[in-house]
J.: 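I'd like to ask you about the structure that follows.
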Amino acid sequence: FLVIDGTAIDGYTPDVRSSGVALLEAAKRCGVRAGVCIAPSAAVRMMGAAVAFVSSLPFDFVETRAEADRIVERKRSATS
């Protein structure tokens with residue numbers, strides 16, 4: 001699982017798509033099968049979801065670390 005702490009991110013630039021897709025594709029090549037991003041900003045979560053969709057890596061976007069921890073634990077339990 002890849003967990004990205006985006007709590008310090010408060011916006012994005014139009015070129016985020018290419019670098020975001022490159023990051024998630026590299027993660028897939030390294031064996032990551034799913035991820036979660038913590039981002040309090042709804043706009044950042046929306047852009048992140050679009051990037052994750054393009055990369056075809058299952059990704060959840062949440063507001064808090066507690067939500068992220070619950071998702072990771074649930075997905076780990078489902079794969080063991």
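All values reported here derive from a predicted model rather than from experimental measurement.
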J.: Does E25 have any side chain to side chain donor-acceptor pair (under 3.5 Å) partners at least two apart in sequence or in another chain, and if so, which?
T.: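 Scan of E25 (side chain to side chain donor-acceptor pair (under 3.5 Å), adjacent residues dropped) gives none.
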J.: Of all heavy-atom pairs between G20 and V51, which one has the smallest distance, and what is that distance?
T.: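 What the structure gives for the nearest pair is C-CG1, 3.4 Å.
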J.: Show which residues join V72 in its hydrophobic cluster (side-chain heavy-atom contacts under 4.5 Å, direct or indirect), or state none.
T.: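 In the cluster with V72 are F1, V3, V36, I38, V62, I71.
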J.: I9: which residues meet the side-chain contact (heavy atoms from CB on, under 4.5 Å) condition with it, sequence neighbours left out?
T.: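 Applying side-chain contact (heavy atoms from CB on, under 4.5 Å) to I9 gives V44.
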J.: What residues, two or more places apart in sequence or in another chain, satisfy salt bridge (charged side-chain N to carboxylate O under 4.0 Å, His left out) together with D5?
T.: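 Result, salt bridge (charged side-chain N to carboxylate O under 4.0 Å, His left out) vs D5: none returned.
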J.: State the CE-OG1 distance between M47 and T13, to the nearest 0.5 angstrom.
T.: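 Result: 9.0 Å between the selected atoms.
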J.: Kindly give the heavy-atom pair with the smallest separation between P40 and G6, and that separation in Å.
T.: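 Nearest pair, atom of P40 first, then G6: CD-O, 4.1 Å.
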J.: Going by salt bridge (charged side-chain N to carboxylate O under 4.0 Å, His left out), name the residues that satisfy it together with R33, two or more places apart in sequence or in a different chain.
T.: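 Counting only residues at least two positions away or on another chain, R33 forms no salt bridge (charged side-chain N to carboxylate O under 4.0 Å, His left out).
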J.: Rounded to the nearest 0.5 Å, how far does CG of L24 lie from CD1 of I4?
T.: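 One finds 6.0 Å between CD1 of I4 and CG of L24.
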J.: For R65, which residues count as a side chain to side chain donor-acceptor pair (under 3.5 Å) partner, sequence neighbours excluded?
T.: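 With neighbours one apart ignored, the set is D69.
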J.: Test of understanding: with side chain to side chain donor-acceptor pair (under 3.5 Å), list the residues that count as partners of S41, not counting sequence neighbours.
T.: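 Applying side chain to side chain donor-acceptor pair (under 3.5 Å) to S41 gives none.
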J.: Are F53 and M46 linked, directly or through other ILVMFWY residues, by side chains that come within less than 4.5 angstrom of each other?
T.: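 Result: no, two separate clusters.
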J.: For T64, enumerate each residue passing the side-chain contact (heavy atoms from CB on, under 4.5 Å) test, keeping only those at least two apart in sequence or located in another chain.
T.: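 With neighbours one apart ignored, the set is A66, E67.
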J.: Atom CZ of F59 and atom CZ of R45: how far apart are they, to the nearest 0.5 Å?
T.: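 If I round to the nearest 0.5 Å, the distance is 14.0 Å.
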J.: Output every pair passing salt bridge (Lys or Arg N to Asp or Glu O under 4.0 Å) with a member in residues 52-61, not counting sequence neighbours, ordered by first then second residue.
T.: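 Residue pairs with at least one partner in residues 52-61: D60-K75.
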